[in-house]
Amino acid sequence: MFAVVSLGLVLTGALAAAATPALAQAVPSGPPIRLFPPPDRLAAPEADPGVQPGAGRVLDDPLASPGPSAAPLPLTPLLAPAPVTPAPDRAPPFDVVPIVVPPSAIAVETLGPLDPDGAGPLAGAAGLGNDPWRGIPRAEVLALLPELPTLTPSPAVKELQRRLLLSRGSPAAAPGEPEPVRRFGALRVEKLAAMGDPRGAADLAVLLPEAMTADEAAARALTDAELLAGPLDCAAATERAKPFSGPYWQRVELFCRLRAGRIGGGMPTEAGAAPAGDDLAFDMLREQPGGDADFLRVAEAMAGGPAVRPRSLKDPSPLTLAALRTLQAALPPDVLSLTDPARLAAVASNGGTDPATRVTAAERAATALFLDSRRLEEAYRAAPAKGDELLRLKDAAARDRTARTRALVQQAMLAAMGGGRRVELAGLALELLDPPMLAGPVGAVVADMLDTLSPTPDAAALAPAAARLCFALGRADKGKRWHDLALRSRPTAEVARLWPLAIIALGGGALGPPPGGGALGLAGWLDESLRGADAEARARVAGQLALLQAMGLAVPEEAWRRTADPEETAPTPVNARPPTADPALWQRLAEASADRRVGETALAALILLGNAGPAGTPPAVVARVVGALRAVGLDNDARAIAREAAAALAG
């Protein structure tokens, strides 16, 4: 068997070797060999009744084996050279001619130089669109930016402002306009730092190196914000300080050196290091006029000098507060005279401070959104109770609505085991909330307490206030559960006041009849809210109607007439400007929103709301702001602002 196979292989090799020269002679030089039949061989013949089906069909693949009914394809033409034919005068026509669409007209525009101040970490939908500053001159933007609020208690306002400042894009300069004293990018960084967003300010500053190297005020504002929020990024601060000089930056450098070299007892890490009194940096800073004496005393303690126990600290610098926090040194009670929430947040984060001082500073900082709910809750838990205070909280709350009382309610709730006691304490916590606190961290702490309860009939007394709080915070699902309980249990004027808030928080038809959108729900709410209402109550209802209309709900003329004071001979028009609203901003907001100028609309809206926020601004102003924001596509921001205003009116 082996011999037969070997012989076959030898014969096959010999035949192949013999055929090779013949093939080489059969293929002349010239055009390449055609490996497929010419096109006329592949074309399907016309139908012929005498031809068997499939005898002349076109093969999908010329190299595939033909079917049993197909005519055999001879192999010789595949190996023979193609006949040489003279080139035709023109190319043969194609069976399929592609249709080429002529190009559209090209518009040529002259692009100005790329504005280095237009960088930003947010673009497109994450920010305020791709061109938020279209249509407003740069000079007007630079004049309005310093007016943006920094102490608002409104999370909705603060979030919109943050996105406005972090959005990519910049306003165009007018022809021939001189360069401004302070650049657009630097002003954005400074405003973000002032409103308590040092992380956002730092992210923006990285993208604006030219603006930051030329603006010391913005660089200092960012550094101070980082010092107060802590911990300071010393590497970034050192790089930021390179273009500048002066005592401030020398003190920052000294703080970073001391913090890096400090160990448990406050001694320098390097052996043989000079004591604080002999350090050249200390000597230079002591000799400079107008220096920060409080910081130098704390810095000496960081270097291993005597411990500091300040008896008074009425106006400490951010550096001083950061150094005291590093040492965990106690702060005196008069530090509460501070009005800056950023510095109050630094006081609250100092573990060495008296708990009573810390809890007051923490709540004031949290109300202005400079401290989150987690850190506020930590400060609440640290406040000490005296005697049997936790058992007499109802009496204490009647005469003292301070941060300490709210802290004691929080502690009592953590210790309570019985369901009835927990419901009582949750109701007390809800009563102690002021309207500006609802949507922020103070309200969030109380809402977390409510999460430990179930919306059952035993807690029906809490339902209206609980629904109001959850809606104000944007917790729509939880708010709806409490609202449903209120509707089943307490169909009173208190529940009726929730109807506009529920419509705004859940959307027009989310509640369904009877409390849902439509004439029946509107009429029922008006009947209950206006029964025996005085002028103040009518004004509140009119404000709620204005918010509903701004959110797209159709309000009939009859509803407006019912809210008018019967003693008024000439009722105030619905869209009239309140006397407290700036007329120039009022007009700017209307024109910018009509022209869909997003950045200008947001800028005017934020300044109109100011530090009071939606809860403290006249409802007519809030309604105009909500309608303008919806007109430029900022629907989510509009709903959040309307929700906060409606929660305040529902109290």
Side-chain angles (χ1 to χ4, degrees), residues 151 193-194 196-199 223-234 237 251-252 254-266 292-385 402-404 406-408 410-411 441-442 445:
L151 305 179
D197 187 11
R199 178 174 298 179
T223 306
D224 281 345
E226 290 181 330
L227 283 165
L228 293 172
L232 175 68
D233 185 346
C234 281
R251 290 193 290 269
V252 171
L254 176 61
F255 170 76
C256 287
R257 285 170 47 201
L258 292 171
R259 195 185 68 177
R262 177 180 177 273
I263 56 176
D292 191 342
D294 290 333
F295 168 70
L296 287 178
R297 285 193 292 271
V298 181
E300 289 175 354
M302 291 179 68
V308 289
R309 295 182 178 86
R311 296 182 179 180
S312 178
L313 204 63
K314 293 185 178 181
D315 191 24
S317 68
L319 260 173
T320 301
L321 290 173
L324 287 168
R325 182 176 54 206
T326 302
L327 291 174
Q328 292 291 287
L331 302 180
D334 68 355
V335 78
L336 292 177
S337 63
L338 293 170
T339 58
D340 176 15
R343 288 192 284 178
L344 288 170
V347 171
S349 61
N350 187 335
T353 303
D354 173 64
T357 302
R358 282 185 64 197
V359 72
T360 302
E363 189 176 270
R364 288 169 57 188
T367 302
L369 308 181
F370 281 71
L371 203 72
D372 59 28
S373 60
R374 180 186 60 81
R375 294 168 66 186
L376 174 62
E377 192 170 356
E378 291 174 357
Y380 277 160
R381 293 177 179 178
T402 62
R404 185 172 180 276
R406 281 182 280 271
L408 295 179
Q410 169 76 11
Q411 294 179 31
V442 183
V445 171

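Given the structure is predicted, the values throughout are model-derived calculations rather than measurements.
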Identify the two heavy atoms, one from [X] and one from [Y], that lie closest to each other, and give their separation to 0.1 Å.
X	Y	value
A307	A301	CA-CB, 4.4 Å
A379	V359	O-CG2, 3.8 Å
V308	L327	CG2-CD1, 4.3 Å
R311	P332	O-CB, 3.4 Å
A346	S349	O-OG, 3.0 Å
A366	P441	O-CD, 3.3 Å

Next item on the list: Would you sort out whether R358 and V347 count as a side-chain contact (heavy atoms from CB on, under 4.5 Å), showing the intermediate values?
Entry: CA-CA 7 Å; R358 282 185 64 197; V347 171; 5.6 Å; no
Margin query: The test is side-chain contact (heavy atoms from CB on, under 4.5 Å); show your working for V252 and T223 and say whether it passes.
Written below: CA-CA 9 Å; V252 171; T223 306; 4.3 Å; yes
Side chains of [X] and [Y]: does their closest heavy-atom pair fall under 4.5 Å?
X	Y	result
P316	L338	yes
P231	R259	yes
R364	L336	yes
K314	V335	no
D197	R199	yes
T360	T402	no
L321	L227	no
R406	V445	no

Note to self: If you apply the rule side-chain contact (heavy atoms from CB on, under 4.5 Å), what do you find for F370 with L228, and how did you get there?
What the structure shows: CA-CA 10 Å; F370 281 71; L228 293 172; over 6 Å; no
Next item on the list: Run the salt-bridge test on D315 and R343 with the 4.0 Å N-O cut-off and return the result as yes or no.
Entry: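 Here D315 pairs with R343 in a salt bridge, since their nearest N and O are under 4.0 Å apart.
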Notebook entry, point to check: Does E226 reach the main-chain N or O of L232 with its side chain, forming a donor-acceptor pair under 3.5 Å?
Noted result: no
Margin query: With a 3.5 Å distance limit and no angle check, can you tell me whether D354 reaches the backbone of A330 through a side-chain donor-acceptor pair?
Written below: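 No, the answer is negative, given that no donor and acceptor are paired below the 3.5 Å cut-off.
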Next item on the list: To the nearest 0.5 angstrom, please state how far the OG atom of S312 sits from the CG atom of L331.
Entry: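 The OG atom of S312 sits 11.5 Å away from the CG atom of L331.
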Next item on the list: Starting at CZ of F295, measure out to CG of L319 and round the result to the nearest 0.5 Å.
Entry: 5.0 Å
Notebook entry, point to check: Considering the options Q410, E363, R404, R375, which one meets the side-chain hydrogen bond (donor to acceptor under 3.5 Å, both in side chains) requirement together with Y380?
Noted result: E363
Next item on the list: I would like to know whether L258 and T326 meet side-chain contact (heavy atoms from CB on, under 4.5 Å); could you show each step before the answer?
Entry: CA-CA 10 Å; L258 292 171; T326 302; over 6 Å; no
Check: Does one side chain, of D294 or T320, offer a donor that lies under 3.5 Å from an acceptor on the other?
Finding: no
